[in-house]
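Reviewing the structure listed below.
What you see is a predicted model; the values in this text were computed from it and never measured. All heavy atoms count here, side chains included; hydrogens, waters and symmetry mates do not.
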Amino acid sequence: MMLQFPDLVKMKTKKMVFEDVYAARDSATLEQLKELSSKRRVIEESINESSFVTEAIAREMYGGFTSPLQQDLHKLEEYLPLLENLIFHADLVSSDWKMFRWTSDLKIRWASSLSSSSFFNLRGPRFFQIDSLRFELGMTLFLYGAILRERALEVLPTDLVQSATLFREAAGVYHHLAHEVLPMLEPALPAERPPEAISSVSTAMSLICMAEAQAVTIRKAEEKGTTVGLLAKLHYGVTQLLDEAYDMLYKETRECKDISSRFAEFIFSCNALHELRSQKFLADGLKIASQVGVAVGVLRLALSNITKKMPGEESWKSVFRKEIDDVSEMLRKFEHENEFVWHEKIPHGDELPLLQGNKIVSIIPYNPKRWERELAFKL
C-alpha cells in the first residue's frame with residue numbers, strides 16, 4: 001500500500017476574462033480570446049468547487065469520462081494549447097508597453113497548495129499575483145501534473161501498468177516545468193512567490209512521481225515472482241529518489257522556506273517506508289542464503305529505525321503499523337529458527353550489509369501543444 005498526499009490538487013485561482021483586457025484587432029482574435037476565457041472558466045469552477053453542472057451533463061461535455069479527474073485532465077488539455085498560442089504571440093510584441101499593461105490588468109492570481117501560509121490563513125487561501133503569462137502557464141501545468149498523479153492513484157487498484165504510466169507522465173510534466181517554463185519566469189518573480197513557481201520544487205515533484213512510478217512497478221514485479229534480492233534493490237531505489245527530492249527541496253535551495261511541513265513529512269515517511277521494505281526483502285534473501293543471523297540483525301535494525309519515524313497522519317500510521325507487524329512476525333520466526341537450528345551470531349551496526357538501490361523508471365517527456373492560429377492586437 002502507498003502513502004497518499006492529495007493536497008497538491010487543492011490549488012485555487014481567481015477569474016480571468018482575456019477579451020476584457022487584451023484589445024483584439026479583428027473578430028478572429030476576439031473569438032479566440034473568448035474561447036480562452038471559456039476554457040479557463042471551467043477549470044476555475046472545477047478547482048474552486050463552484051460548478052453546478054450535473055454528473056450526467058459533465059460526462060457529455062468532457063469527453064464522456066465518468067471520473068472527475070479525467071474530466072479535469074480533459075479541460076486542461078483543451079486550455080493549455082490555447083494558452084501556449086497566446087504566450088507565443090504575446091512574446092512577439094513583448095516590448096510594447098501596452099502588452100505589458102494588459103497582462104498586468106489581467107491580474108493572474110493563484111493560491112498555492114504547498115505553501116504553509118495558505119494553510120494557516122483564517123481569511124481563506126492566500127493568493128499570489130504575478131504579472132506574467134508564464135506564471136499562468138506554470139501554475140496550470142503544475143495543476144495538470146498533480147491531477148495526473150491523483151488519477152494514477154485512482155486507477156492503481158485495477159491497473160498497475162496504467163498507474164505507473166500516469167505517474168511517469170506526471171514526472172515528465174514537472175520535468176518540463178522545471179527546465180523549460182519556470183526558468184523563463186524567474187526574472188519576473190517577486191520575493192514572495194508560491195512554491196509551485198520555483199524550479200527546484202518541480203524538479204522535486206518529478207523525482208517524487210518517478211519514485212511513485214517505481215513503487216507501482218515493484219508491485220507488478222512482486223506479482224511476477226521477481227527475486228527478493230531485486231525487490232530489495234528496487235525498494236531502496238525508491239528511497240534514493242525520495243532522498244534526491246528531499247535534498248532538492250530542503251538542502252540545495254533556500255527558496256522553499258514556505259513549503260508546508262505536512263508535505264515534508266510525506267516525503268520523509270515514504271522514504272522510511274520503502275527503506276523498511278528494502279530491509280525486509282534483504283533479510284528474506286539472507287535467510288534463503290542460510291545467513292539467518294545476519295537476517296535477524298537486519299530486521300532488528302529495521303524495526304529500531306522505523307519506530308522512530310512513525311508519521312503523525314493517521315492514514316499513514318496504519319500503513320506503517322501493518323509493515324511493522326509483518327516485519328516483527330518475520331523477525332520472530334527468524335529468531336526462533338536461529339535459536340533452535342542455526343545458532344549464528346547476530347551482527348550489529350557496521351557488521352550488517354549496506355542496502356543497495358536500483359532505479360529503473362524514467363519520465364515520459366511532456367510535449368506541449370500549441371493551437372497555431374494568428375492573434376492580432378491593437379498596439
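In terms of modelled atom types and a separation under 3.5 Å, the side chain of Arg168 and the main chain of Ser362 share a donor-acceptor contact. In this structure, the side chain of Glu344 does not engage the main chain of Asn338 through any donor-acceptor pair within 3.5 Å. Between the side chain of Ser115 and the backbone N or O of Pro194 there is no donor-acceptor pair closer than 3.5 Å.
A cation-pi contact, defined as under 6.0 Å to the ring centre and within 45° of the axis, links Arg370 to Phe88. With Phe127 as the aromatic partner, Lys14 meets the cation-pi criteria of under 6.0 angstrom to the ring centre and within 45 degrees of the ring axis.
Using a 4.0 Å cut-off between charged nitrogen and carboxylate oxygen, Glu19 and Lys34 do not count as a salt-bridge pair. Using a cut-off of 4.0 Å between Lys/Arg side-chain N and Asp/Glu carboxylate O, Asp72 and Lys75 are scored as salt-bridged. In this structure, Lys345 pairs ionically with Glu351, as a charged nitrogen and a carboxylate oxygen lie closer than 4.0 Å. With respect to the salt-bridge test (charged N to carboxylate O, under 4.0 angstrom), the residues Arg134 and Glu180 do not qualify. Salt bridge absent: Arg277 and Asp326 never bring a charged side-chain N and a carboxylate O closer than 4.0 Å. Residues Glu44 and Arg40 are paired through a salt bridge, judged by an N-O separation under 4.0 Å between the basic side chain and the carboxylate. Ion pairing between Glu265 and Arg262 fails under the 4.0 Å rule for side-chain N and carboxylate O.
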Next item on the list: Mind running ring pair (Phe, Tyr, Trp, His ring centres under 6.0 Å) on Phe142 and Tyr174 for me, showing each step along the way?
Entry: CA-CA 7 Å; Phe142 197 99; Tyr174 287 120; 5.0 Å; yes
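Counting only residues at least two apart or on different chains, the ring-ring contact (aromatic ring centres under 6.0 Å, His included) pairs with a member in residues 179-222 are His175-His179.
Of the options Glu275, Glu222, Glu323, a salt bridge (Lys or Arg N to Asp or Glu O under 4.0 Å) to Lys280 is made by Glu323 and by none of the others.
Atom CD of Gln129 has more than 12 heavy atoms from other residues, nucleotides or ligands within 6.0 Å. Taking a 6.0 Å sphere around CE of Met184, one finds it holds 12 or fewer heavy atoms contributed by other residues, nucleotides or ligands.
Cluster note: Leu282 groups with Tyr236, Leu286, Val294, Val298, Leu301, Leu352, Leu355 through ILVMFWY side-chain heavy atoms spaced under 4.5 Å, whether in direct contact or through intervening members.
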